[in-house]
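Letters go in sequence order (proteins before strands), and every chain restarts at 1. All values reported here derive from a predicted model rather than from experimental measurement.
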Amino acid sequence: MINFIQQEIENDLKAGKYTNGIHTRFPPEPNGYLHIGHAKSVCLNFGLALHNGGLCNLRFDDTNPTKEDVEFVDSIQEDIKWLGFDWGDRKFFASDYFGKFYDYAVELIKRGLAYVDELSAEEIKAYRGTLTEPGKESPYRNRTIEENLDLFTRMKAGEFPDGSKVLRAKIDMASPNINMRDPVIYRITRTTHHHTGDDWLIYPMYDFAHPLEDAIENITHSVCTLEFEDHRPFYDWLLDSLGFDPNSRPRQIEFARLDLTNTITSKRKLRQLVEEGHVRGWDDPRMPTLCGLRRRGFTPAAIKDFCERIGVAKSNSVVDISMLEHCVREDLNENADRVMAVLDPLKVVLTNVDENSVEYLTAENHPKRGGSRFVPFTREIFIEREDFMEDAPKKFFRLKPGGEVRLKHAYIIKCEEVIKNSAGEVVELRCTIDPTSKSGGATAGRKIKGTIHWVSAKFAMSAEVRLYDYLLTTDAQGNLPEDFIAALNPNSLIVKQALIEPSVRWTGTGTHYQFLRLGYFVVDPDTTADKLVFNRVVGLKDTWAKVKER
RNA sequence: AGGGGUAUCGCCAAGUUGGUAAGGCACCAGACUCUGAAUCUGGCAUUCGUUGGUUCGAGUCCAGCUACCCCUGCCA
């Protein structure tokens, strides 16, 4: 792992800082499901710790009870575990530190660095100034320490209504950095907290809580996204003001969040997709949520490999989704067994095969890892409709009238007759097999250009196959319009009734396969004893499709 | 307009004291192939947002300019 953050860590170590080891944290707010963008952060934080022989905490940044819920603390843990990271016994909640935060706030007041303000929210906003004009000081800014202490104590005790008072840091209303213009650090909100119940009426703001929770946990490197760069001066101000040792206290380092082409990563928009029913739920295989990717069939290894490959830097960038797809293909190519399935069946009758004959052919499960199974071969089979063309171009080396093709693991067949219905559509092919060409046999050596997959009509099982495409076909995720719903790909889900070889009968949810020549698939949890359901993870690379386009 | 950032191939991204542009994805060409997959081979930035300057020599130093991103929640 080499990135600029790792280099900073090494520089710190070289400078004699952080002699107790490196300690990072992944600090999600439990207000939504983790998505691929969070995976980057998870991999970075846990990866940095692992790489430096340190530790990474899981910490729920739950300082705003109005937006958070236990539903999310559960799913977040499940997703991180699934990725393969372990926080040991270091699962923390910012809310566990509310008592300490309060004490630090009191300390700040005692040092004359915080005051209770009773300006309304609107007034505070007006007093804050603008980007180009300085703010002005609140009339309550210069209360005595005693008065501030008394008021803050009473805020905690519930003597004042919600929103009537706030605690503010006393810094500089004229700072060119708006975050330093006396930021609010405590507000009154009578909301039941998912973790602390009704213990508190006042809640700390992120800016105040974050540096403290990092310091409390002895975090050395607090990694966050770019938009917090402006907040770093306050992060440092707070810890310095409270007397934390500059050589051991945490330091904040920012990196660019992940953006992916064809992918929605806005929490709000993802929620809209779920709530308005444009997808089946948070774990819909089209969703970029980790639970969605999991159901789609992406593997932890692929996602971690992806996060490693995209790197970590500070420039806003949009990674091409093909990078992610490459990573799953690479993993699944290595690890998924191969099997034959036909998505769009065309019946083929092999006229020189006996009607009652069933031949069990040996088929390898994986070109490199080996293993084998039996595949029944019968007089009537189905092939992929796409694998036959009546007026085939020279470059088409699959089945055509009078042409030959190899049936994978079986025989070379020759197309003798094309049968059509009254509408002129091809409904059946009559072919003959070359009995000397049996795969693996002594005389199987005859070379033929094309090889296609097939399935026995008598023994094939039916299966529901769900083919997915991007929710966004045009690449506009960066500046998605409000009505992005209208731009959703109407073909993001296509359901097919497919036919599949019987060897998969006893398969289980989450098992990956490569359907020969079609792509990688995974068994969906909707699968029951009498209904198989597969999701297509990703198709195979298809150079024929490119040739066809020309 | 004030502050904070970023600008290296179509997309990510290395490039640490200035010494003459890694790698991956994508793409293209070919080999191989009982998956038009995989694999293998080769190709793919005289140029680093831009303009000047310093220097024997600059993506790396200096100055100016430009573009884009973030910041005026009692959100995180």
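- Across all strands shown, A/Arg309 has heavy atoms under 4.0 Å from sugar-phosphate atoms exclusively, and none from any base.
- Of the side-chain N and O atoms in A/Gln7, one or more sit less than 4.0 angstrom from OP1 or OP2 of B/rG15.
- An OP1 or OP2 oxygen of B/rA76 is reached within less than 4.0 angstrom by a side-chain nitrogen or oxygen of A/Arg187.
- Under the Watson-Crick or G-U wobble criterion, with both distances below 3.5 Å, B/rG18 has no partner in any strand shown.
- For the pair A/Ser315 and B/rA13, the criterion of a side-chain N or O lying under 4.0 Å from OP1 or OP2 is met.
- Rounded to whole angstrom, the span from the CD1 atom of A/Ile310 across to the P atom of B/rC25 amounts to 15 Å.
- A straight line from CD of A/Glu118 to C1' of B/rC74 spans 14 Å, rounded to a whole angstrom.
- Here A/Arg446 pairs with A/Glu404, A/Asp434 under the salt bridge (charged side-chain N to carboxylate O under 4.0 Å, His left out) rule; sequence neighbours left out.
- Between A/Asp305 and A/Arg309 there is a salt bridge, with a side-chain nitrogen of the basic residue lying less than 4.0 Å from a carboxylate oxygen of the acidic one.
- Atom CG in A/Leu167 sits about 17 Å away from atom C1' in B/rG73, given to the nearest Å.
- If you check the side chains of A/His366 and A/Asp337, you find no donor sitting under 3.5 Å from an acceptor.
- Residues passing the side chain to side chain donor-acceptor pair (under 3.5 Å) test with A/Ser120, sequence neighbours excluded: A/Glu122, A/Glu123.
- A glycosidic torsion no more than 90° from 0 defines the syn conformation; B/rG64 lies beyond that range and is anti.
- Atom CG in A/Asp320 sits about 14 Å away from atom C1' in B/rC9, given to the nearest Å.
- B/rG24 and B/rG19: their P atoms are spaced 24 Å apart (whole Å).
- Across the protein-nucleic acid pair, A/Phe4 atom CZ and B/rU16 atom P stand 16 Å apart, rounded to whole Å.
- Shown here, B/rG30 forms a base pair with B/rC40; the pair counts as Watson-Crick or G-U wobble because both key distances fall under 3.5 Å.
- If you take atom P in B/rU66 and the same atom in B/rU50, they sit 15 Å apart, rounded to whole Å.
- Remark: A/Glu10 engages A/Gln6 in a side chain to side chain donor-acceptor pair (under 3.5 Å) (not counting sequence neighbours).
- Using a 4.0 Å heavy-atom distance criterion, A/Gly440 is classed as a base contact.
- For A/Arg517 and B/rG36, the shortest distance from a side-chain N or O to OP1 or OP2 is below 4.0 Å.
- Contact annotation for A/Phe397: base contact, defined as any heavy-atom pair under 4.0 Å involving a base atom.
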Side-chain donor-acceptor pairs of residues 27-35 of chain A under 3.5 Å, sequence neighbours excluded:
from	atom 1	to	atom 2	distance (Å)
A/Glu29	OE1	A/Asn31	ND2	3.0
A/Asn31	OD1	A/Lys267	NZ	2.5
A/Tyr33	OH	A/Glu71	OE2	2.9
A/His35	ND1	A/Gly37	N	2.9
A/His35	NE2	A/Thr265	O	3.2

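- The side chain to side chain contact (heavy atoms under 4.5 Å, CB included) test applied to A/Ser317 returns no partner, not counting sequence neighbours.
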### Message
Return a single string for nucleotides 37-42 of chain B, one symbol per nucleotide in 5' to 3' order, where B is base contact, S is sugar-phosphate-only contact and - is none, cutoff 4.0 angstrom on heavy atoms.
### Response
SS----
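- In this structure A/Arg25 satisfies the salt bridge (charged side-chain N to carboxylate O under 4.0 Å, His left out) test together with A/Asp214, sequence neighbours excluded.
- Scored by the side chain to side chain contact (heavy atoms under 4.5 Å, CB included) test, A/Pro288 finds A/Ile36, A/Thr263, A/Leu270 as partners (sequence neighbours excluded).
- Within the nucleic acid shown, A/Val184 comes within 4.0 Å of sugar-phosphate atoms alone, with no base atom in reach, counting heavy atoms only.
- Residues satisfying the side chain to side chain donor-acceptor pair (under 3.5 Å) criterion with A/Thr192, sequence neighbours excluded, are A/Asp198.
- Under the 6.0 Å distance and 45° angle rule, A/Lys408 does not count as a cation-pi partner of A/Trp454.
- For A/Lys546 and B/rC27, the shortest distance from a side-chain N or O to OP1 or OP2 is below 4.0 Å.
- Across B/rA45 and B/rA22, the matching P atoms stand 10 Å from one another, rounded to whole Å.
- Contact between the side-chain N/O atoms of A/His326 and the OP1/OP2 oxygens of B/rC25 is found at a separation under 4.0 Å.
- Within the nucleic acid shown, A/Tyr186 has no heavy atom closer than 4.0 Å to any nucleic acid atom.
- A/Asp162 is linked by a salt bridge (charged side-chain N to carboxylate O under 4.0 Å, His left out) to A/Arg190, counting only residues two or more places apart in sequence or in another chain.
- Comparing the C1' positions of B/rC70 and B/rC28 gives a spacing of 39 Å, expressed to the nearest Å.
- With a 3.5 Å ceiling on both atom-pair distances, the Watson-Crick or G-U wobble partner of B/rA67 is B/rU6.
- Listed by residue number, A/Ser120, A/Ala121, A/Ile124, A/Lys125, A/Arg128, A/Gly129, A/Thr130, A/Leu131 are the residues of residues 120-131 of chain A with a heavy-atom contact under 4.0 Å to RNA chain B.
- Between the side chain of A/Arg232 and the base of B/rG4, no donor-acceptor pair of N or O atoms lies under 3.5 Å.
- The residue among A/Ile448 and A/Ile178 whose nearest nucleotide of RNA chain B lies closer to the 5′ end is A/Ile448.
- The main-chain N or O of A/Asp320 is never found under 3.5 Å from a side-chain atom of A/Thr261 such that the two would form a donor-acceptor pair.
- Here A/Thr63 does not reach the OP1 or OP2 of B/rC75: none of its side-chain N or O atoms lies under 4.0 Å away.
- Atoms CZ (A/Phe234) and P (B/rC70) sit 23 Å apart, rounded to a whole Å.
- Across the C1' atoms, B/rG43 and B/rC9 are found 14 Å apart, a figure rounded to whole Å.
- For the 3.5 Å distance criterion, the side chains of A/Tyr520 and A/Gln514 qualify, holding a donor opposite an acceptor.
- RNA chain B lies under 4.0 Å from no heavy atom of any residue of residues 208-217 of chain A.
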